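Quick notes on the structure that follows.
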There are 2 protein chains.
Amino acid sequence: MANSPTGDSVTDRLVRVLETFTPSRTVQTAAEIGRRSGLPRSSAHRIVGELVDAGLLERDDDRRIRIGMRLWELATRSSQALRLRQAAMPAMERVQARIREHTQLAVLEQDEALFLERLSGPTSGSNVTRIAGRLPLHASSSGLVLLAYGTRDLQERMLAGRLARLTPETIADPAALRRKLAEVRTLGHAVARGSIELVSTGVAVPVRDETGTVVAALSVVLPRDAPTSAALDELHRGRREIERALGVRS
Amino acid sequence: MANSPTGDSVTDRLVRVLETFTPSRTVQTAAEIGRRSGLPRSSAHRIVGELVDAGLLERDDDRRIRIGMRLWELATRSSQALRLRQAAMPAMERVQARIREHTQLAVLEQDEALFLERLSGPTSGSNVTRIAGRLPLHASSSGLVLLAYGTRDLQERMLAGRLARLTPETIADPAALRRKLAEVRTLGHAVARGSIELVSTGVAVPVRDETGTVVAALSVVLPRDAPTSAALDELHRGRREIERALGVRS
DNA sequence: ACGGGCATCCCGATCAATGAGACGGATGCT
DNA sequence: AGCATCCGTCTCATTGATCGGGATGCCCGT
């Protein structure tokens with residue numbers, strides 16, 4: 001069953017090892033991995049050794065460990081993410097070229113918005129989003145779109161949970177969030193002003209696949225008080241372009 | 001030791017399962033995975049189940065299996081690949097905008113050229129390269145660059161092995177390849193005319209990191225008989241831009 | 001010279017992983 | 001309808017791989 005009372009299993013261990021790697025911690029010694037994953041020294045060494053043999057991890061010259069390119073290759077080669085990204089890239093480039101601000105593509109993953117791609121704006125201004133990074137659903141414009149068009153189940157779960165307040169303007173009240181989601185559905189897009197960081201505003205639109213399901217959010221990050229209409233036009237144009245690439249006949 | 005007499009180990013099995021996924025085969029049933037990885041039915045089911053629990057694989061509504069976005073996230077978040085890609089993206093976009101042909105970034109991985117990124121040309125003409133795809137070192141322009149600036153050991157290994165002939169114009173003779181590599185080092189770039197597919201020509205330049213090591217190849221794919229000088233200018237401009245982003249002081 | 005941190009190797013006990021097989025349902029071919 | 005496949009799920013006895021404590025030796029900074 002999924003309710004494993006024991007957090008153990010070889011697979012779990014491997015995942016725990018892999019999860020000790022973060023964007024800021026991309027290389028570490030085997031002993032560090034052991035500590036961070038709560039594994040005994042010798043076990044950590046053995047597991048890391050196996051992963052290195054398999055090519056998922058790589059051993060540096062000075063014996064430090066990093067994520068192997070083979071893992072990236074394996075994951076990228078055939079993930080959903082790649083197909084979506086492929087379909088979206090040309091459109092994203094166009095949007096970025098016209099708006100000249102951060103342009104992003106996000107999907108829903110484990111109750112958070114996971115960013116698949118990001119084309120950086122002028123001097124890369126604010127950098128809260130990273131490729132393969134995450135943001136809460138209730139705070140980011142992308143998240144609001146994904147949530148508003150998500151399952152009823154997801155919405156109830158989010159409304160019942162604690163809504164972290166990233167800035168004074170983050171929507172942290174369930175009732176207010178419910179109203180916001182209704183607004184997003186009515187307008188067909190989300191505007192999040194200052195809810196991630198006070199100096200910027202996110203604008204996002206939903207992207208649907210051939211079955212009509214919303215599979216991603218296309219968004220841009222603007223300076224806080226910039227007008228949003230031009231960006232919205234471009235986003236909708238981009239959305240249509242992506243949907244066409246996904247095989248949606250319109 | 002690497003001379004494992006038993007091809008087994010839990011890790012090996014997991015990797016074998018993951019490796020059954022290819023760009024053309026992105027979703028499959030658990031039984032198929034078992035067959036392709038040479039695992040007994042029931043074992044395959046169990047392993048797949050564990051991987052699904054861990055979030056590395058995902059189970060479809062009709063119980064078919066696909067690579068999980070979590071695996072992509074894990075791999076992308078902290079791999080070498082991402083840093084390089086990040087540093088290279090702006091330059092690649094510029095090159096692509098000027099040349100208007102496929103623009104690619106490749107690194108050396110297990111004696112092959114692994115493509116980290118690819119911005120597609122006009123109507124995406126010929127599509128032999130994919131993101132996270134591979135090409136042989138002796139045939140592609142990117143590969144020739146990576147090989148020419150690679151270790152002596154790598155060069156000897158390649159010259160000793162069999163050189164696959166993808167087209168009549170692929171360099172398949174060791175002596176000819178040796179001359180070609182010397183030429184690449186002299187010129188500082190590689191031109192591969194018709195060696196991957198007869199209708200196109202690849203042009204590649206090396207990209208170095210702060211230690212002076214060649215870490216990647218930046219390339220474009222042109223129609224077979226197009227002039228290469230404009231492309232070379234742009235590639236070198238792009239190369240300098242990437243190297244600056246990598247922290248190379250020039 | 002010394003102590004801390006690291007990687008590596010060893011080894012016996014244990015226990016979780018293993019895989020054959022039986023079962024039931026879905027699909028499709030004749 | 002009837003039959004043949006192919007799928008997923010479950011059980012269970014056996015075993016061999018996994019586990020982790022501990023000893024050893026290396027490197028580095030103080």
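Model, not experiment: these values are computed from the prediction. Here is the naming used below: chain letters follow the sequence lines, and residue numbers restart at 1 for every chain.
Nucleotide C:dG25 holds its P atom 14 Å from the CZ atom of B:Arg63, rounded to whole Å. Between the CG atom of A:Asp62 and the C1' atom of C:dC6 there is a distance of 12 Å, given to the nearest Å. At whole-Å resolution of the value, CZ in B:Arg64 and P in C:dA26 are 18 Å apart. Regarding B:Asp12, its CG atom lies at a distance of 16 Å from the C1' atom of D:dG16, rounded to whole Å. Rounded to a whole Å, the CZ atom of B:Arg16 is 11 Å from the P atom of C:dT18. C:dA7 atom C1' lies 9 Å from atom CZ of A:Arg59, rounded to whole Å. For B:Arg36 and D:dC6, the CZ to C1' distance is 15 Å, given to the nearest whole Å. One atom, CG of B:Leu57, and another, P of D:dG8, lie 13 Å apart when rounded to the nearest Å.
Residues in residues 35-46 of chain A take part in no salt bridge (charged side-chain N to carboxylate O under 4.0 Å, His left out) pair, two or more places apart or across chains. Counting only residues at least two apart or in different chains, side chain to side chain donor-acceptor pair (under 3.5 Å) contacts with residues 135-152 of chain B comprise B:Ser142-B:Ser219.
Within the 4.0 Å cut-off from OP1 or OP2 of D:dC19, at least one side-chain nitrogen or oxygen of A:Arg13 is found.
The distance from atom CE of A:Met69 to atom CG of A:Leu56, rounded to the nearest 0.5 Å, is 13.0 Å.
With sequence neighbours excluded, no residue satisfies salt bridge (Lys or Arg N to Asp or Glu O under 4.0 Å) with B:Glu210. Applying the salt bridge (Lys or Arg N to Asp or Glu O under 4.0 Å) test to B:Glu32 and every residue at least two apart in sequence or in another chain returns B:Arg25. Residues passing the side-chain hydrogen bond (donor to acceptor under 3.5 Å, both in side chains) test with A:Thr76, sequence neighbours excluded: A:Trp72. Checked against side-chain hydrogen bond (donor to acceptor under 3.5 Å, both in side chains), B:Arg70 has the following partners two or more places apart in sequence or in another chain: A:Glu19, A:Gln110. By the salt bridge (Lys or Arg N to Asp or Glu O under 4.0 Å) test, B:Glu50 pairs with no residue at all, sequence neighbours left out. For A:Asp209, the salt bridge (Lys or Arg N to Asp or Glu O under 4.0 Å) criterion is met by no residue, not counting sequence neighbours.
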List, one per line, each side-chain donor-acceptor pair under 3.5 Å for residues 156-164 of chain B, sequence neighbours excluded.
{"unit_1": "B:Arg157", "atom_1": "NE", "unit_2": "B:Asp111", "atom_2": "OD2", "d": "2.9"}
{"unit_1": "B:Arg157", "atom_1": "NH1", "unit_2": "B:Asp153", "atom_2": "OD2", "d": "3.1"}
{"unit_1": "B:Arg157", "atom_1": "NH2", "unit_2": "B:Asp111", "atom_2": "OD1", "d": "2.9"}

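Near-neighbour residues of DNA chain C inside residues 24-35 of chain A, defined by a heavy atom below 4.0 Å, number-ordered: A:Thr29, A:Ala30, A:Ala31, A:Arg35. Listed by residue number, A:Pro40, A:Ser42, A:Ser43, A:Arg46 are the residues of residues 40-47 of chain A with a heavy-atom contact under 4.0 Å to DNA chain D.
You'll find that the side chain of B:Val10 is closest to C:dT18, out of C:dA7, C:dT18, D:dC19.
Recorded end-axis angle for the helix from C:dA1-D:dT30 to C:dT30-D:dA1 stands at 50°, based on five pairs per end and rounded to 10 degrees.
Under 4.0 Å is where a charged nitrogen must lie from a carboxylate oxygen, and between A:Glu117 and B:Arg85 at least one such pair does.
Projected onto DNA chain C by closest heavy-atom contact, A:Ile65 and A:Thr11 fall at different nucleotides, the more 5' of which corresponds to A:Ile65.
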